[in-house]
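Right, one structure below, let's go through it.
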Amino acid sequence: MDLATAPDHFIGRLTWRTKSLPSTLHQQLVSDSWPPEALSAVGVPPADLRNATERVEWATDEVIGTYEPLTVGAVLGPETHWPHVFAVLKALAGRFGDDGVRLVVAFD
C-alpha cells in the first residue's frame, strides 16, 4: 500500500473547532475549490495550503482550523488506529488462510 497515494476528488481534510465552550469538532473533505460553508466557518486559510505536505494549523478569534493533505497514509497510516486492525487481520489470515478473513465495516 502506497501511503502517499491521494484520491482523485479530494485534496485534503479540514478540521475545525470553536475556541468557546462547549467546543464542537467539525471535519470535512475539501476539493480543489473549498466549499463556501467551510470558508465561512474557518475564515480564509493560510495561502500556502495548496503545497502543504504536512498538517497545517491556524487560528482566528473564534476558531482553530487544521488542514491535512489527504493521502492513504493520513487515513490508514501509522498515526491512525488502522494498523492495529490490519495486524489482527494478518494474524487471522495466518491462522485460517487468506480466504477465511474479511473485514466488514458499516457506517451509520
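This structure is a prediction, so every number in the text was calculated from the model and none was measured. For the numbers below, each heavy atom of this structure counts, side chains included, while hydrogens, waters and symmetry mates do not.
- Judged as a salt bridge (Lys or Arg N to Asp or Glu O under 4.0 Å), and not counting sequence neighbours, Arg17 has no contacts.
- Annotation: Arg102, atom CZ; neighbour count of heavy atoms from other residues, nucleotides and ligands within 6.0 Å is above 12.
- Counting all heavy atoms, side chain and backbone alike, Tyr67 lies closest to Ile11 at OH-O, 3.1 Å.
- Of the candidates Val63, Thr66, Ile64, Val42, Val42 is the only one forming a side-chain contact (heavy atoms from CB on, under 4.5 Å) with Trp58.
- Here the shortest heavy-atom pairing between Asp98 and Ala93 reads OD1-CB, 3.4 Å.
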Given salt bridge (Lys or Arg N to Asp or Glu O under 4.0 Å), test Lys19 with Glu62 step by step and report yes or no. CA-CA 6 Å; Lys19 290 181 180 178; Glu62 300 173 12; over 6 Å; no
Verdict with supporting geometry, Leu25 and Trp16, side-chain contact (heavy atoms from CB on, under 4.5 Å): CA-CA 6 Å; Leu25 184 70; Trp16 71 92; over 6 Å; no
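- Residues Pro78 and Pro83 approach most closely at CA-CG, 3.8 Å, considering heavy atoms.
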Please step through side-chain contact (heavy atoms from CB on, under 4.5 Å) for the pair Glu57 and Arg55, ending with a clear verdict. CA-CA 7 Å; Glu57 283 192 21; Arg55 179 184 179 119; 3.6 Å; yes
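- For the residue pair Thr15 / Gln27, a side-chain donor-acceptor distance below 3.5 Å is found, with atom types taken as modelled.
- Scanning all heavy atoms of the two residues, the minimum distance from Val75 to Leu70 falls at CG2-CD1, 3.7 Å.
- The environment of CD in Glu79 is sparse: at most 12 heavy-atom neighbours from other residues, nucleotides or ligands sit within 6.0 Å.
- Under a 3.5 Å cut-off, the side chain of Lys90 and the backbone N or O of Val85 do not form any donor-acceptor pair.
- Hydrophobic clustering, with ILVMFWY side chains joined whenever heavy atoms are under 4.5 angstrom apart, keeps Leu89 apart from Val104.
- The shortest non-hydrogen separation linking Leu14 to Ala38 is CD2-CB, 3.7 Å.
- Here Gln28 contributes atom CD and Glu37 contributes atom CD; the two are 5.0 Å apart, rounded to the nearest 0.5 Å.
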